[in-house]
Each structure stands twice: as structure tokens, then as C-alpha cells.
Amino acid sequence: MAAVVSVSMAGLLFGAMQHAKTLRANRLLHQLPSTARAILRIDAPSLAETAAARTLLGAFVAEQQLSEIEAVCALDPVEALSEVIVWVRGPDDQPFQSIGVMLEGRNASAATLATCHRALVEGRGGSVVRLDGPAGPMLADLDQRSAISIVDDRTVVAGSVITVTEAIAVRRGTAPALFERDLIAARWPVLSRGSSISAILEPPDHWMSALERVMQRSDGPSALEGAQTIGLFVESESARAVTISIDISSAELAAQDAERIRAWIADPPGNVEPPWTNVLQSARVSAQERTIEVTVDVSSLSAIP
């Protein structure tokens with residue numbers, strides 16, 4: 001009886017944890033605007049146990065940017081923050097018009113984060129003023145390209161004035177949210193559940209054409225034919241593995257593209273240089289229904305100066 005109770009409790013606990021992760025993923029879809037075309041989420045506390053995520057972050061985020069925050073604000077971003085959300089948004093004719101950032105504090109309050117924003121702007125020679133608009137008060141520099149608004153006692157939203165205004169309107173229910181963008185809404189919960197870093201891109205047509213050309217060999221079809229979204233995730237506590245997840249319009253195309261990706265990896269373009277060649281050599285490609293997953297070892301990226 002004790003064993004049965006223990007197994008039942010473990011099952012209930014696991015189910016509750018999975019449900020909580022799903023709720024967090026769905027919550028984000030209701031907090032960001034439907035104009036978002038790309039999302040990056042970083043679960044800051046899990047970075048300490050996820051070597052692959054730290055390596056990936058170090059390869060793409062300049063160390064001096066983090067150092068500037070520590071020097072000016074006396075904050076260690078990884079210790080101070082619980083969650084970092086970055087999104088790229090814009091209308092259909094300008095899909096990558098501006099960038100928004102949502103920060104949730106762990107050891108730092110929203111007021112502290114807003115003070116840090118002011119210090120960074122002023123440290124670069126700018127000035128910060130208070131603006132009162134339909135979305136409520138916010139702090140912005142004089143050209144309105146950098147603004148920040150306190151959402152609650154732990155959360156701030158930053159970006160241009162139009163980006164911050166739109167994000168606050170979504171939270172108030174007066175602007176459409178991201179769950180209305182079907183492709184991202186369907187894939188995001190899968191990518192973000194249990195991940196320390198997750199990202200998704202729904203490329204506009206001209207971007208998709210460019211990406212297809214990059215993944216094309218000779219005059220044959222592209223390895224990204226029929227791609228709808230391109231995602232990425234690093235599972236919590238992963239030491240080396242990063243997975244790229246590509247959603248394809250049909251299962252048949254997904255199987256064909258997977259073979260083309262394998263061929264592309266086996267003979268990549270000449271402009272791919274170390275350590276990225278090492279990353280490609282470690283790749284494992286699989287296709288299941290309409291999804292292709294390419295899992296790579298990113299440990300060699302830690303050698304990038």
C-alpha cells in the first residue's frame with residue numbers, strides 16, 4: 001500500500017509540474033503582442049545548472065554588455081533576474097521593426113530595474129523623462145527609442161515607446177495577443193516547456209526565401225522547403241546539447257528536408273569555419289511527423305574569444 005501511495009504521489013507531483021510549465025508557456029502567449037515575429041526566453045536561474053545554455057548565451061551575447069550592467073547598476077543579471085523575454089515585432093510590411101524586452105526580477109525589484117535603465121541611458125550621455133500616455137506612465141529617453149514601464153513589483157517592459165505601449169495594451173486586453181498568431185501559438189509551448197533557453201522565429205516570406213537559398217545545394221530543392229517556424233531550445237541541466245526544431249508544412253516534406261539537411265551538414269558551404277564546423281559535425285537529425293529536430297553539441301563554442 002505504501003509503495004502504491006508513493007508511486008501515485010510521484011505521478012501527481014510530476015503531472016503538477018508539467019501543468020505548471022504549460023501554464024507558464026501559455027501565459028507568455030497572452031502577454032506578448034500578435035505583432036511578435038520572434039521570441040527568445042531565458043530562464044535565468046537554470047543557467048547555473050545548464051552548461052549548454054551558458055555556452056550558447058556566451059557565443060551570442062557580448063561579455064561587455066553584461067559587464068556594463070554590473071558596473072553601472074551593481075547587478076549581476078543572472079542573479080538579479082528570474083526570466084528574460086526578448087521579442088521582435090512589427091507590422092506585416094516591416095516585421096522586424098523594433099525589439100521589446102520583458103524582465104522579471106528575482107533578487108531585484110521592478111523599481112531597481114527601472115533605476116538601472118535610467119543609469120544606463122544617462123551613462124551613455126542621454127536623458128530620461130517621464131511620459132504619461134494611454135498605457136500609463138513610463139520612463140523614456142528624449143528620442144523615445146528607449147523606454148521602460150513597470151508592470152508589477154517584479155516585472156518591467158522595455159523597448160521603444162511604441163513597443164512598450166503595445167505590450168501594456170496587450171496586458172490590459174486592448175490589443176491582440178500572440179496566441180492569435182497560430183503558427184507560433186502551436187509551437188511555443190512545445191519549445192519552452194522545461195527549457196532554460198527557448199526561441200522561435202516565424203520568418204516573413206522574404207526572409208524564408210533567403211534562408212532557403214542558404215540551405216540549398218546546387219540547383220536542387222532547399223533543405224528548408226515548406227518550413228513554417230524555426231525554433232531552438234536547451235533542456236534544463238543539459239551539458240552540451242542544443243536542439244533546433246523546424247516545423248514543416250507536411251510530414252512528407254519534413255522527411256525529404258531531413259535528408260537534405262543531413263547532406264548539407266555532411267558537405268557544408270566553404271564559409272563555415274571552426275568552431276562552427278565542429279558543431280555541424282556533432283549534429284543528429286531526426287524527423288517525426290511535421291517536425292525536424294537537429295541536435296548539436298555546442299561545447300566547442302566555449303573556445304570563441
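Everything numeric in this text was worked out from a predicted model, so none of it was measured.
Looking at Ile292 and Ile248, their side chains come closer than 4.5 Å, going by heavy atoms from C-beta outward. Two residues are said to be in side-chain contact when any heavy atoms from C-beta on lie closer than 4.5 Å; Arg260 and Met215 fail this criterion. Within the 4.5 Å cutoff, no side-chain heavy atoms of Gln144 are placed close to those of Ile162. Looking only at side-chain heavy atoms (C-beta outward), Ser146 and Val121 come within less than 4.5 Å of each other. With contacts defined as side-chain heavy-atom distances shorter than 4.5 Å, the pair Ser249/Glu225 does not qualify. Taking the side chain as every heavy atom from C-beta outward, Val242 and Leu232 approach each other to under 4.5 Å. Residues Ile246 and Asp257 have side chains not in contact (no heavy-atom distance under 4.5 Å, counting atoms from C-beta outward). Considering only heavy atoms from C-beta on, Ser300 comes within 4.5 Å of Val279 through its side chain.
Taking every heavy atom of both residues into account, Ala241 and Thr295 meet most closely at CB-CG2, 3.9 Å. The shortest heavy-atom contact between Val88 and Pro95 is CG1-O, 4.3 Å. Pairing each heavy atom of Ile148 with each of His117, the nearest pair is CG2-ND1, 3.4 Å. In terms of heavy-atom proximity, Val298 sits nearest to Ala52 at CG2-O, 3.9 Å. Nearest heavy atom pair, residue Trp264 against residue Val214, reads NE1-O, 3.2 Å. Between Ile184 and Arg37, the shortest heavy-atom distance links the atoms CD1-O, 4.0 Å.
Side-chain atoms of Thr174 come within 3.5 Å of backbone N or O of Ala169 as a donor-acceptor pair. Here the side chain of Arg41 pairs no donor or acceptor atom with the backbone of Val84 at under 3.5 angstrom. Ser46 places a side-chain N or O within 3.5 Å of a backbone atom of Asp43 that can act as its donor or acceptor partner.
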Mind listing the side-chain donor-acceptor pairs of residues 150-158 below 3.5 Å, one per line with the distance, residues two or more places apart or on another chain?
unit_1	atom_1	unit_2	atom_2	d
Asp152	OD1	Arg154	N	2.9
Asp152	OD1	Thr155	N	2.8
Asp152	OD1	Thr155	OG1	2.9
Asp152	OD2	Thr155	OG1	3.4
Arg154	NH1	Arg106	O	3.2
Arg154	NH1	Ala108	O	2.9

Show me the donor-acceptor pairs within less than 3.5 Å that the side chains of residues 195-204 make with the rest of the protein, sequence neighbours left out.
unit_1	atom_1	unit_2	atom_2	d
Ser195	OG	Leu191	O	2.8
Ser196	OG	Val234	O	3.3

Please tabulate, for the side chains in residues 175-183, all donor-acceptor contacts under 3.5 angstrom to protein atoms that are two or more places apart in sequence or on a different chain.
unit_1	atom_1	unit_2	atom_2	d
Arg181	NE	Ser34	O	2.9
Arg181	NE	Ala36	O	3.4
Arg181	NH2	Ser34	O	3.0

Candidate pair Ser98 and Thr163, rule side chain to side chain donor-acceptor pair (under 3.5 Å), full reasoning: CA-CA 7 Å; Ser98 57; Thr163 301; 2.8 Å; yes
With side-chain contact (heavy atoms from CB on, under 4.5 Å) as the criterion, how do Val72 and Cys116 come out once you've worked through the C-alpha distance, each side chain's angles and the decisive distance to 0.1 Å? CA-CA 7 Å; Val72 174; Cys116 177; 6.0 Å; no
List the steps and the verdict of side-chain contact (heavy atoms from CB on, under 4.5 Å) for Ser192 and Leu28. CA-CA 10 Å; Ser192 63; Leu28 187 64; over 6 Å; no
Could you go through Thr112 and Thr115, starting from their C-alpha distance and side-chain angles, then the distance that decides it, and tell me whether this counts as side chain to side chain donor-acceptor pair (under 3.5 Å)? CA-CA 5 Å; Thr112 299; Thr115 300; over 6 Å; no
Give the intermediate values and the outcome of side-chain contact (heavy atoms from CB on, under 4.5 Å) for residues Leu224 and Met208. CA-CA 8 Å; Leu224 290 179; Met208 198 64 248; 4.0 Å; yes
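In this view, Arg240 and Asp297 satisfy the salt bridge (charged side-chain N to carboxylate O under 4.0 Å, His left out) rule, not counting sequence neighbours. Not counting sequence neighbours, the partners of Glu122 by the salt bridge (charged side-chain N to carboxylate O under 4.0 Å, His left out) test are Arg118. Contacts of Glu235 classified as salt bridge (charged side-chain N to carboxylate O under 4.0 Å, His left out), with partners at least two apart in sequence or in another chain: none. Not counting sequence neighbours, the partners of Arg124 by the side-chain hydrogen bond (donor to acceptor under 3.5 Å, both in side chains) test are Glu68. Here Arg130 pairs with Asp132 under the salt bridge (charged side-chain N to carboxylate O under 4.0 Å, His left out) rule; sequence neighbours left out. For the side chain to side chain contact (heavy atoms under 4.5 Å, CB included) test, residues two or more places apart in sequence or in another chain that qualify with Val272 are Pro268, Pro269, Trp276, Thr277, Leu280.
Neither Ile99 nor Val170 shares a network with the other; the hydrophobic side chains, linked directly or stepwise wherever heavy atoms of I, L, V, M, F, W or Y lie under 4.5 Å apart, form separate groups for each.
To the nearest 0.5 Å, the span separating CZ on Phe233 from CG on Leu56 amounts to 12.5 Å. A distance of 11.5 Å separates CZ of Arg27 from NE2 of His30, quoted to the nearest 0.5 Å. In this structure, Trp188 CH2 and Asn26 CG are separated by 11.5 Å, a value rounded to the nearest 0.5 Å. To the nearest 0.5 Å, the span separating CD on Glu212 from OG on Ser222 amounts to 4.5 Å. How far OG of Ser286 is from CD of Glu293: 5.0 Å, rounded to the nearest 0.5 Å.
The salt bridge (charged side-chain N to carboxylate O under 4.0 Å, His left out) pairs that include a residue from residues 135-144 are Asp143-Arg145, where partners are two or more places apart or lie in different chains. Pairs engaging residues 272-282 under the salt bridge (charged side-chain N to carboxylate O under 4.0 Å, His left out) rule: none recorded [sequence neighbours left out]. Under the salt bridge (charged side-chain N to carboxylate O under 4.0 Å, His left out) criterion, the residue pairs touching residues 279-290 are Asp247-Arg290, with sequence neighbours excluded.
The one candidate from Ile168, Val129, Leu131 that meets the side chain to side chain contact (heavy atoms under 4.5 Å, CB included) condition with Met138 is Leu131.
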